[in-house]
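Okay, so here's the structure we're looking at.
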Amino acid sequence: MFFEDKISKVYDPTQVEQRWYKKWLEQGYFHGKVNPERKPYTIVIPPPNVTGSLTIGHVLNNTIQDVLIRRARMQGRETCWVPGTDHASIATETMVTKMLAQKGSDKNKIGREEFLKHAWTWKDEYGSLIIKQLKRLGCSCDWERERFTMDDGYYRAVITAFVQLYERGLIYRGTRLVNWCPATQSAISDEEVNYREVEGKLWYLKYPVTQSDQFVIVATTRPETMLGDSAVAVHPKDERFKHLIGESVKLPLTDRIVPIIADDFVDPEFGSGCVKVTPAHDPNDFQLGKRHNLDFINILNPDGSLNNSVPETFRGLDRFDARKKVVSAIDRKGVLENTEDYTTSIGYSERGGVPVEPYLSEQWFMAMEELAKPAIEAVRSQQIKFYPSHWIKTYEHWMTHIQDWCISRQLWWGHRIPVWYCRGNDVGQCQLECKEPIVSVETPESCPACGSKDLIQDHDVLDTWASSWLWPIGVHTWPDESDELDYFHPTDDLVTGPDIIFFWVARMIMASFEFKGEVPFRNVYFTGMVRDMKGRKMSKSLGNSPDPIGLMDKYGADAVRFGIMLIAPQGQDILFSEERVEIGRNFMNKLWNVSRFLLLSGEEIEVRPVSELNMDDLDLADRWILSRLNRTISAVDESFDAYRFNETAKKIYDFTWSDFCDWYIEVIKSRLYGSIKAEKIIAYSVACHVMKGILKLLHPFAPFITEELWQRLKIDEERDLIVEAWPEDTAAWIDNISEGNFCEIQEVITGVRTVRSEMNIPPGIRSDLFIRSDDGQSLRSNERLIKDLAKVNDLIIRPDVERPSKSATVIVGKKELFIPMGDLIDIENEKRRLSEKISSLDRRLSSVSAKLNNHDFVERAPKEVVERERKKLGDMKENLAKLKQNFSFLE
RNA sequence: GGACGCUUAGCUCAGUUGGUUCAGAGCAUCGCCCUUACAAGGCGGGGGUCAUAGGUUCGAAUCCUAUAGCGUCCACCA
């Protein structure tokens with residue numbers, strides 16, 4: 001009877017997905033234009049690194065954005081989701097350097113210009129991979145607006161921002177102790193350092209006090225830095241060492257004489273109470289050095305090896321080799337007092353993966369305090385909302401303790417700092433003025449002070465985040481004003497991970513205030529981290545990160561999207577496994593098959609819009625499902641607006657599977673297969689209406705399959721689903737009475753099914769059903785429904801029904817159901833069943849009556865609650881009596 | 001050291017304002033079914049003193065306090 005070729009039995013996503021993505025693009029549905037008639041809805045993508053490929057984290061993040069933008073599009077907003085990629089200065093440079101190394105080349109050999117050529121080639125080759133993958137996922141980005149953080153326009157934005165901040169005095173150059181990554185040989189920001197606990201040692205060293213035979217003992221985790229010591233410090237009030245303050249020690253190995261100083265910083269309780277001070281290689285010692293005017297002795301080369309400031313035997317050694325050699329040298333000298341095991345936390349370079357060095361160098365910094373002020377206020381005042389809100393505290397803490405930001409990097413791939421230095425003219429005049437750097441958006445032709453053309457540009461590039469912090473304004477036309485910029489900025493929602501709250505979120509807020517005078521976005525949704533089932537982070541080295549493309553090949557993009565949305569509670573980490581995607585896949589298949597049913601069974605049935613149906617012709621089930629649909633719509637809207645996507649997905653899932661498929665479709669089968677034309681039309685029209693409502697609600701989550709099914713079910717004047725109107729909940733369809741009546745019928749059917757199942761009645765065998773009920777009106781008018789779904793032959797509903805012999809009993813509400821079973825009945829089984837029911841009801845009854853016997857409860861609880869409990873007690877007593885009576889018939 | 005989060009069925013997790021519908025879902029498990037959309041399915045069953053101890057309340061998975069375990073972030077001790 002069914003034509004298998006018309007619609008397959010199993011949903012096959014592959015060609016459906018490709019076909020629809022192409023069609024949507026051709027129709028220009030993704031592109032947003034300035035349109036004063038409509039309210040804009042904007043998102044900017046957190047630009048993935050050009051070097052990257054799609055991870056499960058990206059799937060989660062971008063699915064959420066697509067869900068948001070698709071719903072907004074259906075709600076009639078002018079949508080614009082700007083995509084793009086990040087040049088990822090240090091990450092990309094590291095990869096290109098590795099690639100060169102494989103070819104036997106290296107960046108210093110080929111020089112800056114040549115290196116950048118390689119980098120651009122690399123970018124052109126790999127940069128589009130993740131973009132392709134996002135398309136595969138179904139992301140409805142405005143691809144005509146795709147940007148790259150180093151394209152020409154964006155470059156100009158970054159440089160302009162630098163110049164403006166310099167002119168405001170917020171960007172300055174200074175010599176400071178910075179986090180130095182010896183692997184990439186560049187400074188990095190505080191945020192790019194990750195601390196890890198490491199098993200190390202604490203070495204106690206004896207430093208001889210000059211002109212005395214005494215020693216002071218200092219403890220250190222880094223003995224090699226003793227080569228750069230320029231003092232020993234003690235606490236000023238420490239009685240043990242008071243007499244030594246102002247004296248000096250002679251450093252072993254270098255024989256340098258350094259003073260013993262007093263400073264509150266020293267904790268007398270720790271170690272020996274004496275601290276060696278290495279101002280050029282430790283942040284605390286740096287402060288000490290400044291306070292006490294000590295020498296800053298830099299002992300390291302940029303690659304982490306020891307330089308010429310140390311005795312010859314140590315020169316050129318790597319810092320870790322030097323440590324070993326220093327330890328054995330002092331041991332031989334007899335000044336190694338003691339060695340202890342010691343766990344300490346060491347900062348590692350996020351990209352380089354090696355321990356960072358506090359390293360004295362000249363860098364560019366951005367003063368942050370002033371920039372932070374409006375940004376703090378915006379979040380505090382809820383002008384920007386965080387979901388979940390507990391991130392506010394983290395944000396505020398960082399913002400109120402904000403440090404100046406080291407923005408220069410000793411790298412080549414990135415935005416080269418727009419600063420030039422004059423090397424003086426031939427005459428050699430105006431040397432003084434030439435010391436001022438020339439900071440300019442345009443490349444200067446000559447020195448404004450002396451006219452020399454011998455200018456040299458700063459070698460360094462900017463931190464990646466000093467470009468991506470402009471993303472919301474930079475992807476449009478900034479620094480140029482335009483209608484577009486004003487129309488699409490601020491954006492509505494930002495979806496990102498909490499791991500970049502400081503790197504990116506906080507800085508974007510500061511940038512938009514600084515350069516555009518307003519917030520960059522109104523809401524920030526922080527996703528959780530995606531982990532494996534053991535709770536471990538996804539990582540390449542663990543091999544536990546699944547390939548999203550492989551998953552999409554196997555299950556379809558919709559299944560992947562829906563599966564992950566179903567398990568992504570707001571702000572909670574997500575334990576991912578393929579099983580989740582299977583749930584998505586199964587649901588898509590369910591959806592496919594219920595549509596298949598409608599398409600195949602409705603071939604010759606006329607469909608009418610529900611609004612044109614005569615209300616009086618609607619069946620109880622029709623009213624019920626329409627009421628449920630409308631409740632679902634408003635529940636979906638509610639959880640959507642609260643950014644609770646997992647809840648939203650779950651509601652659609654439950655309604656579709658349980659209400660629509662398991663009940664409504666089963667219920668209407670008798671009408672559809674029957675011979676009354678009018679009934680067919682009504683049931684089928686309602687079913688199609690509900691189905692289309694489901695497709696609309698689900699479209700943001702599963703765009704491909706819903707569009708495909710929509711096309712097959714839609715009537716001519718309807719548009720493509722992607723731009724169809726989002727469903728409105730029609731309050732008029734909400735029908736409490738029908739819901740109550742239908743629920744009663746569901747209970748009767750389930751009750752009968754349970755008994756049949758427990759009594760092992762084969763499904764092929766139908767039985768009669770007697771219902772004793774004072775109020776059987778609603779049941780009687782739905783006889784057919786009960787008969788079909790409960791496999792009943794004769795249905796007798798009367799207040800005075802006699803209990804047939806050899807029957808099983810079920811109590812539903814106030815009704816007694818009797819199922820005559822003839823010889824199939826197992827009396828012992830039925831006895832056990834009933835007595836279990838009796839004792840369980842007995843237990844619940846006594847708990848309710850205890851409650852009602854409690855004076856305080858009756859006095860203090862709201863009236864409705866007490867009334868409810870009273871009614872409950874009454875019903876329970878009645879039911880208990882019925883059960884007991886029926887039990888007695890079995891004796 | 002500071003901040004935040006988590007602990008509910010064998011597993012993975014929902015549970016928004018305390019009170020019918022609060023103890024739920026999926027997977028797993030057990031029983032019966034290839035019933036003309038779907039076995040990636042249908043029907044039915046079993047399974048939890050909601051981490052622990054106190055407290056608030058007539059009433060707590062839900063609010064408060066403490067404890068334990070797990071996790072994340074920030075600061076950092078030479």
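The chains referred to below are lettered A, B, ... by the order of the sequence lines, with proteins before strands, and numbering in each begins at 1. Not measured: the values here are computed from a predicted model.
- Ring orientation note: the planes of A:Phe386 and A:Tyr395 are nearly perpendicular, at an angle over 60° on the 30°/60° scale.
- Contact check, A:Lys9 against B:rC38: a side-chain N or O comes under 4.0 Å of OP1 or OP2.
- Under 4.0 angstrom from either OP1 or OP2 of B:rG41 there lies no side-chain N or O belonging to A:Asn593.
- Applying the 3.5 Å distance criterion, the base of B:rC73 shares no donor-acceptor pair with the side chain of A:Thr394.
- Look at A:Lys669 and A:Glu666 and you find a salt bridge, because one of the NZ, NE, NH1 or NH2 atoms lies within 4.0 Å of a carboxylate O, short of that distance.
- Base pairing of B:rG10 is made with B:rC27, judged by Watson-Crick or G-U wobble geometry with both donor-acceptor distances under 3.5 Å.
- Using a 4.0 Å heavy-atom cutoff across all strands shown, A:Tyr195 reaches at least one base atom of the nucleic acid.
- Comparing B:rU16, B:rG19, B:rC38 against the side chain of A:Phe857 picks out B:rG19 as the nearest.
- Applying the 4.0 Å criterion to OP1 and OP2 of B:rA25, one finds that A:Trp657 has every side-chain N and O outside that range.
- For the pair A:Lys680 and A:Glu604, the salt-bridge criterion is not met [side-chain N within less than 4.0 Å of a carboxylate O].
- Applying the 4.0 Å criterion to OP1 and OP2 of B:rC43, one finds that A:Thr750 has every side-chain N and O outside that range.
- Side-chain N/O atoms of A:Glu666 and base N/O atoms of B:rA37 include a donor-acceptor pair closer than 3.5 Å.
- Taking 4.0 angstrom as the limit, A:Tyr387 places none of its side-chain polar atoms (N or O) nearer than this to OP1 or OP2 of B:rU16.
- The side chain of A:Val594 lies closest to B:rA37 when the candidates are B:rA37, B:rG45, B:rU16.
- Nearer to the 5' terminus of RNA chain B, by closest-nucleotide assignment, is the contact made by A:His397 (compared with the other of A:Val266 and A:His397).
- Residue-to-nucleotide proximity on RNA chain B shows that, of A:Asn854 and A:Lys650, the 5′-proximal contact is made by A:Lys650.
- Heavy atoms of A:Val218 sit nowhere under 4.0 angstrom from any nucleic acid atom.
- Counting non-hydrogen atoms under 4.0 angstrom, A:Cys274 reaches nothing in the nucleic acid.
- Judged by the 6.0 Å and 45° rule, A:Lys385 forms no cation-pi pair with A:Tyr643.
- In terms of phosphate contacts, A:Lys393 brings no side-chain nitrogen or oxygen within less than 4.0 Å of OP1 or OP2 of B:rA3.
- When ring centroids are compared, A:Tyr525 and A:Phe645 come within the 6.0 Å threshold.
- Across all strands, A:Asp662 comes closer than 4.0 Å only to sugar-phosphate atoms, never to a base (heavy-atom distances).
- No engagement by A:Tyr395 is indicated, since no non-hydrogen atom pair under 4.0 Å with the nucleic acid exists.
- Nucleic acid contact class of A:Ser595 (heavy atoms, under 4.0 Å, all strands): none.
- Nucleic acid contact for A:Pro862: base, since at least one base atom lies under 4.0 Å from a heavy atom of the residue.
- For the pair A:Lys201 and A:Tyr342, the cation-pi test (distance below 6.0 Å, angle within 45°) is failed.
- Look at A:Lys669 and you'll find a side-chain N or O under 4.0 angstrom from OP1 or OP2 of B:rA37.
- Contacts of A:Ala219 with the nucleic acid, taken as non-hydrogen atoms under 4.0 Å apart, involve only primed sugar atoms and P, OP1 or OP2.
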